[in-house]
Protein chains: 2
Amino acid sequence: MNILIAEDDPFHRAFLAGTVREALPGCEAVLEAEGGEQAVKLARDNRIDGVVMDIQMPEVSGIAAASKIWETRPDMRILFWSNYSDEAYVRGVSRIVPKEAVYGYVLKTASAQRLGLAMMGIFLEDQCIIDREVRGVQQRAMDLHEGLSNTEFEVLTDIALGLTDKAIAARRGISTRSVQSRLKQLYEKLGIDQQPHDDEGPVFNSRARAVALALSRGLLNLESMSLGEAKLRRWLEKGQ
Amino acid sequence: MNILIAEDDPFHRAFLAGTVREALPGCEAVLEAEGGEQAVKLARDNRIDGVVMDIQMPEVSGIAAASKIWETRPDMRILFWSNYSDEAYVRGVSRIVPKEAVYGYVLKTASAQRLGLAMMGIFLEDQCIIDREVRGVQQRAMDLHEGLSNTEFEVLTDIALGLTDKAIAARRGISTRSVQSRLKQLYEKLGIDQQPHDDEGPVFNSRARAVALALSRGLLNLESMSLGEAKLRRWLEKGQ
DNA sequence: GCACGACCTGCGGGATCCCGCAATCGAAGC
DNA sequence: GCTTCGATTGCGGGATCCCGCAGGTCGTGC
(Lines give C-alpha, C1' and ligand atoms only; values in the text may rest on other atoms or scores of the structure.)
Protein backbone atom coordinates (compact mmCIF):
# COMPACT_ATOMS: atom_id res chain seq x y z
CA MET A 1 0.00 0.00 0.00
CA ASN A 2 1.24 3.50 -0.92
CA ILE A 3 0.10 6.59 0.96
CA LEU A 4 0.52 10.21 -0.16
CA ILE A 5 0.83 13.00 2.37
CA ALA A 6 0.08 16.59 1.35
CA GLU A 7 0.98 19.11 4.05
CA ASP A 8 2.94 22.33 3.82
CA ASP A 9 4.14 22.52 7.43
CA PRO A 10 7.28 20.36 7.76
CA PHE A 11 6.62 19.50 11.42
CA HIS A 12 3.09 18.36 10.75
CA ARG A 13 4.32 16.49 7.70
CA ALA A 14 6.86 14.57 9.74
CA PHE A 15 4.25 13.79 12.37
CA LEU A 16 1.85 12.52 9.71
CA ALA A 17 4.51 10.30 8.16
CA GLY A 18 5.27 8.81 11.56
CA THR A 19 1.62 8.19 12.31
CA VAL A 20 1.06 6.56 8.94
CA ARG A 21 3.97 4.18 9.49
CA GLU A 22 2.65 3.35 12.92
CA ALA A 23 -1.01 2.89 12.02
CA LEU A 24 -0.39 1.08 8.73
CA PRO A 25 2.56 -1.29 9.21
CA GLY A 26 1.82 -2.87 5.86
CA CYS A 27 2.43 0.42 4.11
CA GLU A 28 5.21 0.14 1.56
CA ALA A 29 5.85 3.76 0.61
CA VAL A 30 4.93 7.15 2.07
CA LEU A 31 5.17 9.98 -0.46
CA GLU A 32 5.24 13.58 0.72
CA ALA A 33 4.01 16.69 -1.06
CA GLU A 34 4.55 20.24 0.18
CA GLY A 35 1.62 21.74 -1.66
CA GLY A 36 -1.53 21.02 -3.62
CA GLU A 37 0.04 21.17 -7.03
CA GLN A 38 2.75 18.69 -6.12
CA ALA A 39 0.15 16.42 -4.54
CA VAL A 40 -1.85 16.25 -7.77
CA LYS A 41 1.27 15.49 -9.76
CA LEU A 42 2.44 12.77 -7.38
CA ALA A 43 -1.02 11.19 -7.28
CA ARG A 44 -1.09 11.14 -11.07
CA ASP A 45 2.38 9.68 -11.61
CA ASN A 46 2.39 7.04 -8.87
CA ARG A 47 0.29 4.13 -7.78
CA ILE A 48 -1.37 5.69 -4.75
CA ASP A 49 -3.91 3.94 -2.54
CA GLY A 50 -4.81 6.81 -0.25
CA VAL A 51 -4.10 10.45 0.56
CA VAL A 52 -3.80 12.40 3.79
CA MET A 53 -4.52 16.00 2.88
CA ASP A 54 -4.11 19.24 4.76
CA ILE A 55 -6.82 21.68 3.70
CA GLN A 56 -5.08 24.98 4.21
CA MET A 57 -2.09 25.23 1.91
CA PRO A 58 -0.76 28.22 -0.02
CA GLU A 59 -1.29 28.40 -3.78
CA VAL A 60 -3.40 25.28 -4.37
CA SER A 61 -5.53 24.36 -1.37
CA GLY A 62 -6.20 20.83 -0.23
CA ILE A 63 -9.78 20.99 -1.44
CA ALA A 64 -8.76 22.06 -4.92
CA ALA A 65 -6.11 19.34 -5.04
CA ALA A 66 -8.57 16.67 -3.87
CA SER A 67 -11.02 17.80 -6.53
CA LYS A 68 -8.36 17.39 -9.22
CA ILE A 69 -7.37 13.96 -7.95
CA TRP A 70 -10.96 12.77 -7.80
CA GLU A 71 -11.47 13.87 -11.39
CA THR A 72 -9.26 11.05 -12.65
CA ARG A 73 -9.53 8.68 -9.68
CA PRO A 74 -13.06 9.04 -8.27
CA ASP A 75 -12.51 6.09 -5.93
CA MET A 76 -9.44 7.55 -4.22
CA ARG A 77 -9.57 7.45 -0.44
CA ILE A 78 -8.74 10.87 1.01
CA LEU A 79 -8.41 11.82 4.66
CA PHE A 80 -8.68 15.55 5.26
CA TRP A 81 -6.71 16.82 8.24
CA SER A 82 -7.43 20.42 9.15
CA ASN A 83 -7.14 22.94 11.95
CA TYR A 84 -10.68 24.15 11.62
CA SER A 85 -14.19 22.89 11.11
CA ASP A 86 -15.34 26.04 9.32
CA GLU A 87 -18.59 25.54 7.50
CA ALA A 88 -16.86 26.88 4.41
CA TYR A 89 -14.47 23.93 4.55
CA VAL A 90 -17.09 21.33 5.38
CA ARG A 91 -19.31 22.55 2.55
CA GLY A 92 -16.33 22.72 0.24
CA VAL A 93 -15.39 19.12 0.94
CA SER A 94 -18.83 17.57 0.79
CA ARG A 95 -19.53 19.40 -2.45
CA ILE A 96 -16.66 17.75 -4.31
CA VAL A 97 -16.61 14.26 -2.85
CA PRO A 98 -17.82 11.69 -5.44
CA LYS A 99 -20.46 9.15 -4.47
CA GLU A 100 -18.10 6.20 -4.72
CA ALA A 101 -15.27 7.81 -2.77
CA VAL A 102 -14.27 7.03 0.80
CA TYR A 103 -13.14 10.03 2.78
CA GLY A 104 -12.53 11.31 6.28
CA TYR A 105 -12.30 14.64 8.10
CA VAL A 106 -10.19 14.80 11.26
CA LEU A 107 -9.20 17.90 13.18
CA LYS A 108 -5.58 18.65 13.99
CA THR A 109 -6.49 19.00 17.62
CA ALA A 110 -7.38 15.31 17.73
CA SER A 111 -4.96 12.95 19.46
CA ALA A 112 -2.43 10.90 17.53
CA GLN A 113 -4.39 7.80 18.48
CA ARG A 114 -7.62 9.12 17.01
CA LEU A 115 -5.79 10.08 13.83
CA GLY A 116 -4.26 6.61 13.60
CA LEU A 117 -7.65 4.97 14.08
CA ALA A 118 -9.10 7.13 11.33
CA MET A 119 -6.29 6.09 8.97
CA MET A 120 -6.93 2.42 9.69
CA GLY A 121 -10.66 2.85 9.21
CA ILE A 122 -10.36 4.68 5.91
CA PHE A 123 -7.43 2.97 4.22
CA LEU A 124 -7.95 -0.55 5.52
CA GLU A 125 -11.69 -0.83 6.11
CA ASP A 126 -13.07 1.65 3.55
CA GLN A 127 -15.06 3.49 6.22
CA CYS A 128 -15.98 7.15 6.09
CA ILE A 129 -14.74 8.73 9.30
CA ILE A 130 -15.77 12.22 10.26
CA ASP A 131 -14.90 13.85 13.57
CA ARG A 132 -17.84 14.50 15.82
CA GLU A 133 -17.31 18.23 15.85
CA VAL A 134 -17.15 18.34 12.07
CA ARG A 135 -20.23 16.17 11.87
CA GLY A 136 -22.04 18.73 13.99
CA VAL A 137 -21.25 21.47 11.51
CA GLN A 138 -22.34 19.24 8.64
CA GLN A 139 -25.58 18.56 10.44
CA ARG A 140 -26.34 22.19 11.12
CA ALA A 141 -25.63 23.08 7.51
CA MET A 142 -28.19 20.51 6.36
CA ASP A 143 -30.88 21.72 8.72
CA LEU A 144 -33.13 23.84 6.58
CA HIS A 145 -34.15 26.27 9.26
CA GLU A 146 -30.78 26.68 10.95
CA GLY A 147 -28.44 26.48 7.99
CA LEU A 148 -28.32 28.33 4.71
CA SER A 149 -29.76 26.92 1.53
CA ASN A 150 -27.58 26.68 -1.55
CA THR A 151 -29.14 29.72 -3.13
CA GLU A 152 -28.64 31.78 0.00
CA PHE A 153 -25.07 30.60 0.14
CA GLU A 154 -24.55 31.74 -3.44
CA VAL A 155 -25.71 35.28 -2.84
CA LEU A 156 -23.65 35.36 0.33
CA THR A 157 -20.46 34.59 -1.56
CA ASP A 158 -21.45 37.09 -4.23
CA ILE A 159 -21.95 40.01 -1.89
CA ALA A 160 -18.78 39.01 -0.07
CA LEU A 161 -16.93 39.44 -3.35
CA GLY A 162 -18.48 42.89 -3.65
CA LEU A 163 -20.96 42.37 -6.46
CA THR A 164 -24.00 44.59 -6.98
CA ASP A 165 -27.51 43.19 -7.07
CA LYS A 166 -27.63 43.61 -10.81
CA ALA A 167 -24.35 41.79 -11.35
CA ILE A 168 -25.49 38.92 -9.16
CA ALA A 169 -28.72 38.70 -11.11
CA ALA A 170 -26.86 38.57 -14.43
CA ARG A 171 -24.42 35.98 -13.13
CA ARG A 172 -27.01 33.67 -11.62
CA GLY A 173 -29.56 34.17 -14.35
CA ILE A 174 -32.37 35.63 -12.23
CA SER A 175 -33.95 39.04 -11.80
CA THR A 176 -32.59 41.67 -9.45
CA ARG A 177 -35.76 41.38 -7.44
CA SER A 178 -35.04 37.72 -6.80
CA VAL A 179 -31.56 38.58 -5.66
CA GLN A 180 -33.06 40.95 -3.13
CA SER A 181 -35.48 38.31 -1.95
CA ARG A 182 -32.65 35.88 -1.38
CA LEU A 183 -30.71 38.56 0.41
CA LYS A 184 -33.62 39.25 2.71
CA GLN A 185 -33.83 35.57 3.63
CA LEU A 186 -30.10 35.56 4.21
CA TYR A 187 -30.33 38.56 6.51
CA GLU A 188 -33.08 36.90 8.48
CA LYS A 189 -31.18 33.68 8.98
CA LEU A 190 -28.08 35.54 10.06
CA GLY A 191 -30.21 37.52 12.51
CA ILE A 192 -29.26 40.92 11.20
CA ASP A 193 -32.60 42.53 11.94
CA GLN A 194 -32.23 41.77 15.63
CA GLN A 195 -28.89 43.53 15.83
CA PRO A 196 -28.70 46.56 18.12
CA HIS A 197 -30.30 49.79 16.96
CA ASP A 198 -29.32 53.24 17.99
CA ASP A 199 -31.67 56.16 18.60
CA GLU A 200 -30.66 57.44 15.17
CA GLY A 201 -31.72 54.53 13.03
CA PRO A 202 -29.94 51.26 12.36
CA VAL A 203 -26.32 50.83 13.33
CA PHE A 204 -25.57 48.21 10.70
CA ASN A 205 -25.49 48.12 6.94
CA SER A 206 -27.18 44.78 6.27
CA ARG A 207 -25.04 43.88 3.31
CA ALA A 208 -21.69 44.53 4.96
CA ARG A 209 -22.87 43.12 8.26
CA ALA A 210 -23.85 39.86 6.63
CA VAL A 211 -20.31 39.41 5.34
CA ALA A 212 -18.82 40.23 8.72
CA LEU A 213 -21.06 37.74 10.53
CA ALA A 214 -20.47 35.05 7.93
CA LEU A 215 -16.73 35.44 8.33
CA SER A 216 -16.82 35.36 12.10
CA ARG A 217 -19.01 32.26 12.08
CA GLY A 218 -16.85 30.42 9.56
CA LEU A 219 -19.55 30.32 6.87
CA LEU A 220 -16.99 32.02 4.71
CA ASN A 221 -13.25 32.17 5.04
CA LEU A 222 -10.41 33.68 3.10
CA GLU A 223 -9.86 30.59 1.01
CA SER A 224 -13.47 30.28 -0.09
CA MET A 225 -13.34 33.95 -1.00
CA SER A 226 -10.21 33.73 -3.13
CA LEU A 227 -11.70 30.68 -4.79
CA GLY A 228 -14.86 32.64 -5.49
CA GLU A 229 -12.76 35.49 -6.80
CA ALA A 230 -11.14 33.17 -9.34
CA LYS A 231 -14.51 31.87 -10.49
CA LEU A 232 -15.80 35.41 -10.77
CA ARG A 233 -12.84 36.46 -12.89
CA ARG A 234 -13.48 33.60 -15.30
CA TRP A 235 -17.14 34.56 -15.56
CA LEU A 236 -16.28 38.20 -16.22
CA GLU A 237 -13.89 37.26 -19.02
CA LYS A 238 -16.43 34.94 -20.58
CA GLY A 239 -18.99 37.74 -20.61
CA GLN A 240 -16.73 40.15 -22.44
CA MET B 1 18.28 34.06 31.44
CA ASN B 2 14.65 32.83 31.28
CA ILE B 3 12.73 32.65 28.02
CA LEU B 4 8.96 32.25 27.64
CA ILE B 5 7.51 30.54 24.60
CA ALA B 6 3.87 31.15 23.62
CA GLU B 7 2.68 28.90 20.81
CA ASP B 8 -0.42 26.77 20.54
CA ASP B 9 0.86 24.18 18.08
CA PRO B 10 2.78 21.50 20.04
CA PHE B 11 5.14 20.68 17.17
CA HIS B 12 6.10 24.28 16.66
CA ARG B 13 6.41 24.71 20.39
CA ALA B 14 8.86 21.84 20.65
CA PHE B 15 10.83 23.21 17.71
CA LEU B 16 10.98 26.64 19.33
CA ALA B 17 12.17 25.18 22.62
CA GLY B 18 14.93 23.29 20.84
CA THR B 19 16.01 26.36 18.89
CA VAL B 20 16.09 28.48 22.04
CA ARG B 21 18.29 25.95 23.85
CA GLU B 22 20.60 25.83 20.86
CA ALA B 23 20.84 29.55 20.17
CA LEU B 24 21.04 30.60 23.82
CA PRO B 25 23.20 28.09 25.69
CA GLY B 26 23.24 30.39 28.71
CA CYS B 27 19.50 30.09 29.03
CA GLU B 28 18.47 28.69 32.39
CA ALA B 29 14.77 28.01 31.95
CA VAL B 30 12.40 27.76 29.00
CA LEU B 31 8.74 28.23 29.96
CA GLU B 32 6.01 27.18 27.58
CA ALA B 33 2.51 28.62 27.22
CA GLU B 34 -0.19 27.14 25.01
CA GLY B 35 -2.16 30.34 24.60
CA GLY B 36 -2.17 34.07 25.10
CA GLU B 37 -3.83 34.06 28.47
CA GLN B 38 -1.38 31.57 29.92
CA ALA B 39 1.50 33.56 28.44
CA VAL B 40 0.40 36.73 30.25
CA LYS B 41 0.05 34.84 33.50
CA LEU B 42 3.46 33.17 33.22
CA ALA B 43 5.12 36.45 32.28
CA ARG B 44 3.58 38.12 35.31
CA ASP B 45 4.46 35.42 37.85
CA ASN B 46 8.00 34.62 36.74
CA ARG B 47 11.22 36.46 36.15
CA ILE B 48 11.20 36.47 32.34
CA ASP B 49 13.88 38.07 30.18
CA GLY B 50 12.32 37.54 26.79
CA VAL B 51 9.33 36.08 24.96
CA VAL B 52 8.94 34.20 21.70
CA MET B 53 5.35 34.74 20.65
CA ASP B 54 3.18 33.17 17.99
CA ILE B 55 0.70 35.71 16.68
CA GLN B 56 -2.17 33.48 15.68
CA MET B 57 -3.56 31.71 18.71
CA PRO B 58 -7.17 30.92 19.60
CA GLU B 59 -8.89 32.92 22.33
CA VAL B 60 -6.21 35.49 23.17
CA SER B 61 -3.97 36.28 20.21
CA GLY B 62 -0.25 36.89 20.46
CA ILE B 63 -0.69 40.59 19.80
CA ALA B 64 -3.20 40.97 22.61
CA ALA B 65 -0.94 39.01 24.96
CA ALA B 66 2.09 41.10 24.04
CA SER B 67 0.10 44.25 24.65
CA LYS B 68 -0.82 43.02 28.13
CA ILE B 69 2.76 42.07 28.95
CA TRP B 70 4.11 45.40 27.75
CA GLU B 71 1.62 47.21 29.98
CA THR B 72 3.50 46.12 33.09
CA ARG B 73 6.92 45.43 31.56
CA PRO B 74 7.40 47.98 28.75
CA ASP B 75 11.02 46.92 28.31
CA MET B 76 10.24 43.25 27.66
CA ARG B 77 11.97 41.80 24.61
CA ILE B 78 9.44 40.00 22.41
CA LEU B 79 10.10 38.05 19.24
CA PHE B 80 7.01 37.56 17.10
CA TRP B 81 7.00 34.37 15.05
CA SER B 82 4.19 34.16 12.53
CA ASN B 83 3.10 32.40 9.38
CA TYR B 84 2.05 35.56 7.61
CA SER B 85 3.21 39.10 7.03
CA ASP B 86 -0.33 40.45 6.70
CA GLU B 87 -0.48 44.20 6.95
CA ALA B 88 -3.08 43.76 9.65
CA TYR B 89 -0.53 41.94 11.79
CA VAL B 90 2.35 44.29 11.05
CA ARG B 91 0.18 47.29 11.86
CA GLY B 92 -1.13 45.55 14.93
CA VAL B 93 2.35 44.90 16.24
CA SER B 94 3.91 48.27 15.49
CA ARG B 95 0.93 49.99 17.06
CA ILE B 96 1.44 48.40 20.45
CA VAL B 97 5.22 48.23 20.74
CA PRO B 98 6.51 50.73 23.35
CA LYS B 99 9.36 53.06 22.47
CA GLU B 100 11.80 51.44 24.88
CA ALA B 101 11.01 47.86 23.88
CA VAL B 102 13.18 45.58 21.76
CA TYR B 103 11.24 43.35 19.41
CA GLY B 104 11.52 41.18 16.35
CA TYR B 105 9.28 39.75 13.62
CA VAL B 106 10.35 36.52 11.95
CA LEU B 107 8.30 34.41 9.57
CA LYS B 108 7.75 30.73 10.19
CA THR B 109 9.03 30.00 6.71
CA ALA B 110 12.46 31.25 7.76
CA SER B 111 15.19 28.68 8.37
CA ALA B 112 16.05 27.47 11.85
CA GLN B 113 19.36 29.25 11.52
CA ARG B 114 17.74 32.58 10.76
CA LEU B 115 15.43 32.14 13.71
CA GLY B 116 18.36 31.32 15.96
CA LEU B 117 20.26 34.38 14.79
CA ALA B 118 17.22 36.53 15.49
CA MET B 119 16.98 35.13 19.02
CA MET B 120 20.63 35.91 19.68
CA GLY B 121 20.28 39.39 18.27
CA ILE B 122 17.21 40.26 20.29
CA PHE B 123 17.85 38.57 23.62
CA LEU B 124 21.63 38.96 23.81
CA GLU B 125 22.37 42.11 21.83
CA ASP B 126 19.14 44.09 22.25
CA GLN B 127 18.71 44.50 18.51
CA CYS B 128 15.40 44.89 16.71
CA ILE B 129 15.28 42.24 14.02
CA ILE B 130 12.58 42.30 11.38
CA ASP B 131 12.48 39.94 8.43
CA ARG B 132 13.05 41.58 5.08
CA GLU B 133 9.62 40.60 3.77
CA VAL B 134 7.88 41.99 6.84
CA ARG B 135 9.98 45.13 6.56
CA GLY B 136 8.67 45.55 3.03
CA VAL B 137 5.10 45.49 4.26
CA GLN B 138 5.95 47.94 7.04
CA GLN B 139 7.55 50.24 4.49
CA ARG B 140 4.59 50.18 2.13
CA ALA B 141 2.21 50.88 4.98
CA MET B 142 4.19 53.99 5.87
CA ASP B 143 4.26 55.32 2.33
CA LEU B 144 1.54 57.92 2.23
CA HIS B 145 0.54 57.42 -1.37
CA GLU B 146 0.71 53.65 -1.47
CA GLY B 147 -0.55 52.77 1.99
CA LEU B 148 -3.61 53.78 3.92
CA SER B 149 -3.61 56.61 6.45
CA ASN B 150 -4.83 55.92 9.96
CA THR B 151 -8.16 57.59 9.31
CA GLU B 152 -8.71 55.56 6.17
CA PHE B 153 -7.81 52.43 8.06
CA GLU B 154 -10.39 53.29 10.70
CA VAL B 155 -13.28 53.58 8.26
CA LEU B 156 -12.10 50.42 6.57
CA THR B 157 -12.39 48.42 9.78
CA ASP B 158 -15.73 50.06 10.49
CA ILE B 159 -17.35 49.14 7.19
CA ALA B 160 -15.85 45.66 7.49
CA LEU B 161 -17.75 45.29 10.75
CA GLY B 162 -20.89 46.34 8.89
CA LEU B 163 -21.50 49.80 10.34
CA THR B 164 -23.53 52.44 8.53
CA ASP B 165 -22.10 55.84 7.68
CA LYS B 166 -24.08 57.42 10.47
CA ALA B 167 -22.87 54.94 13.04
CA ILE B 168 -19.26 55.45 11.98
CA ALA B 169 -19.72 59.19 12.26
CA ALA B 170 -21.15 58.88 15.77
CA ARG B 171 -18.40 56.51 16.82
CA ARG B 172 -15.50 58.55 15.46
CA GLY B 173 -17.00 61.90 16.38
CA ILE B 174 -17.24 63.35 12.87
CA SER B 175 -20.03 64.15 10.43
CA THR B 176 -21.48 61.61 8.05
CA ARG B 177 -20.15 63.66 5.16
CA SER B 178 -16.63 63.25 6.49
CA VAL B 179 -17.13 59.54 6.69
CA GLN B 180 -18.09 59.52 3.05
CA SER B 181 -15.04 61.59 2.16
CA ARG B 182 -12.78 59.14 3.89
CA LEU B 183 -14.55 56.30 2.17
CA LYS B 184 -14.01 57.90 -1.20
CA GLN B 185 -10.27 58.20 -0.53
CA LEU B 186 -10.23 54.61 0.61
CA TYR B 187 -11.96 53.46 -2.57
CA GLU B 188 -9.46 55.37 -4.67
CA LYS B 189 -6.44 53.89 -2.95
CA LEU B 190 -7.84 50.40 -3.25
CA GLY B 191 -8.43 51.04 -6.94
CA ILE B 192 -12.12 50.25 -6.86
CA ASP B 193 -13.06 52.74 -9.56
CA GLN B 194 -10.81 50.98 -12.06
CA GLN B 195 -12.50 47.65 -11.51
CA PRO B 196 -14.27 46.15 -14.52
CA HIS B 197 -17.61 47.59 -15.61
CA ASP B 198 -20.34 45.79 -17.43
CA ASP B 199 -22.57 47.27 -20.10
CA GLU B 200 -25.25 47.61 -17.46
CA GLY B 201 -23.48 49.84 -14.98
CA PRO B 202 -20.92 48.96 -12.34
CA VAL B 203 -20.33 45.35 -11.37
CA PHE B 204 -19.14 46.12 -7.87
CA ASN B 205 -20.67 47.60 -4.76
CA SER B 206 -17.85 49.86 -3.57
CA ARG B 207 -18.42 49.25 0.10
CA ALA B 208 -18.49 45.47 -0.07
CA ARG B 209 -15.74 45.38 -2.68
CA ALA B 210 -13.45 47.39 -0.44
CA VAL B 211 -13.79 44.79 2.31
CA ALA B 212 -13.18 41.94 -0.12
CA LEU B 213 -10.04 43.55 -1.50
CA ALA B 214 -8.76 44.46 1.94
CA LEU B 215 -9.15 40.87 3.06
CA SER B 216 -7.46 39.40 0.02
CA ARG B 217 -4.56 41.84 0.37
CA GLY B 218 -4.10 41.19 4.07
CA LEU B 219 -5.00 44.72 5.12
CA LEU B 220 -7.62 43.06 7.28
CA ASN B 221 -7.82 39.53 8.55
CA LEU B 222 -10.16 37.57 10.73
CA GLU B 223 -8.29 38.38 13.91
CA SER B 224 -8.30 42.11 13.35
CA MET B 225 -12.01 41.85 12.64
CA SER B 226 -12.90 39.93 15.78
CA LEU B 227 -10.77 42.37 17.75
CA GLY B 228 -12.65 45.24 16.14
CA GLU B 229 -15.92 43.49 16.94
CA ALA B 230 -15.00 43.39 20.62
CA LYS B 231 -14.12 47.09 20.64
CA LEU B 232 -17.36 47.85 18.85
CA ARG B 233 -19.37 45.93 21.41
CA ARG B 234 -17.78 47.89 24.25
CA TRP B 235 -18.58 51.15 22.49
CA LEU B 236 -22.19 50.15 21.92
CA GLU B 237 -22.67 49.28 25.57
CA LYS B 238 -21.12 52.53 26.69
CA GLY B 239 -23.51 54.44 24.47
CA GLN B 240 -26.59 52.80 25.91
C1' DG C 1 2.05 87.36 7.15
C1' DC C 2 0.96 84.18 3.58
C1' DA C 3 0.57 80.34 0.64
C1' DC C 4 -0.06 75.52 0.61
C1' DG C 5 -1.91 71.09 1.63
C1' DA C 6 -4.77 68.00 4.36
C1' DC C 7 -8.93 67.40 6.49
C1' DC C 8 -13.76 68.34 7.74
C1' DT C 9 -18.37 69.92 6.46
C1' DG C 10 -22.98 71.29 4.11
C1' DC C 11 -25.84 70.95 -0.12
C1' DG C 12 -27.86 68.46 -3.60
C1' DG C 13 -28.80 64.82 -6.77
C1' DG C 14 -28.63 60.36 -8.88
C1' DA C 15 -27.98 55.47 -8.14
C1' DT C 16 -28.44 51.65 -5.31
C1' DC C 17 -30.21 49.08 -1.68
C1' DC C 18 -33.90 47.31 1.56
C1' DC C 19 -38.41 45.70 1.87
C1' DG C 20 -43.79 45.16 2.06
C1' DC C 21 -47.44 43.59 -0.92
C1' DA C 22 -49.24 40.65 -4.26
C1' DA C 23 -49.42 37.69 -8.42
C1' DT C 24 -47.32 33.79 -10.83
C1' DC C 25 -45.07 29.33 -11.57
C1' DG C 26 -43.41 24.58 -10.63
C1' DA C 27 -42.82 20.56 -7.83
C1' DA C 28 -44.29 17.51 -4.27
C1' DG C 29 -48.03 15.16 -1.67
C1' DC C 30 -52.78 13.21 -1.03
C1' DG D 1 -57.10 16.95 -10.01
C1' DC D 2 -56.33 19.75 -6.21
C1' DT D 3 -53.77 21.79 -2.59
C1' DT D 4 -49.72 23.39 -0.40
C1' DC D 5 -45.39 25.26 -0.14
C1' DG D 6 -41.33 27.38 -1.78
C1' DA D 7 -39.13 30.30 -5.22
C1' DT D 8 -39.45 34.02 -8.57
C1' DT D 9 -40.93 38.43 -10.23
C1' DG D 10 -43.10 43.26 -10.74
C1' DC D 11 -44.38 47.62 -8.48
C1' DG D 12 -43.43 51.21 -5.57
C1' DG D 13 -41.46 53.86 -1.95
C1' DG D 14 -38.33 55.17 1.66
C1' DA D 15 -33.62 54.98 3.36
C1' DT D 16 -28.94 54.76 2.43
C1' DC D 17 -24.95 55.27 -0.23
C1' DC D 18 -21.76 57.51 -3.66
C1' DC D 19 -19.95 61.67 -5.18
C1' DG D 20 -19.13 66.53 -7.37
C1' DC D 21 -18.84 71.21 -5.83
C1' DA D 22 -17.73 74.70 -2.72
C1' DG D 23 -16.46 76.77 1.57
C1' DG D 24 -14.21 76.43 6.11
C1' DT D 25 -10.45 75.19 9.56
C1' DC D 26 -5.88 73.98 11.18
C1' DG D 27 -0.96 73.23 11.06
C1' DT D 28 3.46 73.64 8.41
C1' DG D 29 7.01 75.99 6.10
C1' DC D 30 8.83 80.00 3.67
Side-chain angles (χ1 to χ4, degrees), chain A residues 142-156 158-195 197-213, chain B residues 142-156 158-195 197-213:
Chain A
M142 293 302 164
D143 182 3
L144 280 184
H145 289 288
E146 182 100 15
L148 274 55
S149 72
N150 284 336
T151 58
E152 287 151 3
F153 201 73
E154 277 182 0
V155 288
L156 174 59
D158 285 343
I159 63 171
L161 292 177
L163 293 175
T164 59
D165 291 3
K166 238 185 282 185
I168 299 173
R171 186 181 184 195
R172 304 295 181 187
I174 54 178
S175 72
T176 61
R177 189 59 188 85
S178 300
V179 174
Q180 295 177 339
S181 291
R182 292 185 180 184
L183 282 175
K184 179 169 166 44
Q185 297 174 37
L186 176 67
Y187 299 151
E188 272 175 10
K189 286 202 181 168
L190 291 178
I192 292 187
D193 46 349
Q194 43 185 314
Q195 294 284 324
H197 280 243
D198 200 298
D199 307 332
E200 306 294 335
V203 173
F204 287 118
N205 171 323
S206 311
R207 200 184 193 81
R209 186 59 179 167
V211 177
L213 285 179
Chain B
M142 291 303 163
D143 182 1
L144 281 184
H145 289 287
E146 181 100 15
L148 273 55
S149 72
N150 284 337
T151 58
E152 285 151 3
F153 201 74
E154 277 183 0
V155 288
L156 174 58
D158 285 343
I159 63 172
L161 292 177
L163 293 175
T164 61
D165 291 4
K166 237 185 282 185
I168 299 174
R171 186 180 184 197
R172 304 294 182 186
I174 54 180
S175 72
T176 61
R177 189 61 187 84
S178 301
V179 174
Q180 296 178 337
S181 291
R182 292 184 179 183
L183 282 175
K184 177 166 170 46
Q185 296 173 40
L186 176 67
Y187 299 151
E188 272 175 10
K189 287 200 181 170
L190 291 178
I192 292 186
D193 46 349
Q194 43 185 314
Q195 295 283 323
H197 278 243
D198 199 298
D199 308 332
E200 307 294 335
V203 173
F204 287 119
N205 172 322
S206 311
R207 202 185 191 81
R209 186 59 180 166
V211 177
L213 285 179

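Within every chain, numbering begins at 1; the chains are lettered A, B, ... in the order of the sequence lines, protein sequences first and strands thereafter.
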To the closest 0.5 Å, what do you measure between [atom1] ([X]) and [atom2] ([Y])?
{"X": "B/Ile168", "Y": "B/Ile174", "atom1": "CD1", "atom2": "CD1", "result": "8.5 Å"}
{"X": "B/Ile192", "Y": "B/Leu213", "atom1": "CD1", "atom2": "CG", "result": "5.5 Å"}
{"X": "B/Leu183", "Y": "B/Thr176", "atom1": "CG", "atom2": "OG1", "result": "10.5 Å"}
{"X": "A/Leu156", "Y": "A/Lys189", "atom1": "CG", "atom2": "NZ", "result": "12.0 Å"}

Separation of atom [atom1] in [X] from atom [atom2] in [N], rounded to whole Å:
{"X": "B/Leu148", "N": "C/dC7", "atom1": "CG", "atom2": "P", "result": "12 Å"}
{"X": "B/Arg209", "N": "D/dC17", "atom1": "CZ", "atom2": "P", "result": "20 Å"}
{"X": "B/Asn150", "N": "C/dA6", "atom1": "CG", "atom2": "P", "result": "16 Å"}
{"X": "B/Lys184", "N": "C/dC7", "atom1": "NZ", "atom2": "C1'", "result": "15 Å"}
{"X": "A/Gln185", "N": "D/dG6", "atom1": "CD", "atom2": "C1'", "result": "9 Å"}
{"X": "B/Tyr187", "N": "C/dT16", "atom1": "OH", "atom2": "C1'", "result": "12 Å"}
{"X": "A/Asn205", "N": "D/dC17", "atom1": "CG", "atom2": "C1'", "result": "8 Å"}
{"X": "B/Leu186", "N": "D/dC18", "atom1": "CG", "atom2": "C1'", "result": "13 Å"}

Side-chain donor/acceptor of B/Arg209 to backbone N/O of A/Leu163, under 3.5 Å: no

Please confirm whether the shortest side-chain N or O distance from [X] to OP1 or OP2 of [N] is below 4.0 Å.
{"X": "A/Arg207", "N": "C/dC18", "value": "yes"}
{"X": "A/Ser175", "N": "D/dT9", "value": "yes"}
{"X": "B/Arg182", "N": "C/dC8", "value": "yes"}

B/Arg182-B/Ser178 side chain donor-acceptor pair, cut-off 3.5 Å: no

C/dC17 base / A/Gln180 side chain donor-acceptor hit below 3.5 Å: no

Donor-acceptor pair (no angle test) under 3.5 Å: A/Arg177 side chain, C/dG20 base: yes

Selected nucleotide, minimal atom distance to B/Ile174 side chain, candidates C/dT9, C/dC18, C/dT16: C/dT9

Nucleotide of C/dC7, C/dG10, C/dC18 approaching A/Leu183 most closely (side-chain heavy atoms): C/dC18

Would you check if [X] and [Y] make a side-chain contact, meaning some heavy-atom pair closer than 4.5 Å?
{"X": "A/Leu186", "Y": "A/Ile159", "result": "yes"}
{"X": "A/Arg207", "Y": "B/Arg207", "result": "no"}
{"X": "B/Gln180", "Y": "B/Asp165", "result": "yes"}

Bend angle of the helix from C/dG1-D/dC30 to C/dC30-D/dG1, end axes from five pairs each (to 10°): 30°

Close residues, residues 162-171 of chain B, relative to DNA chain C [heavy-atom separation under 4.0 Å]: none

Side chain to side chain donor-acceptor pair (under 3.5 Å) partners of A/Gln185, counting only residues at least two apart: none

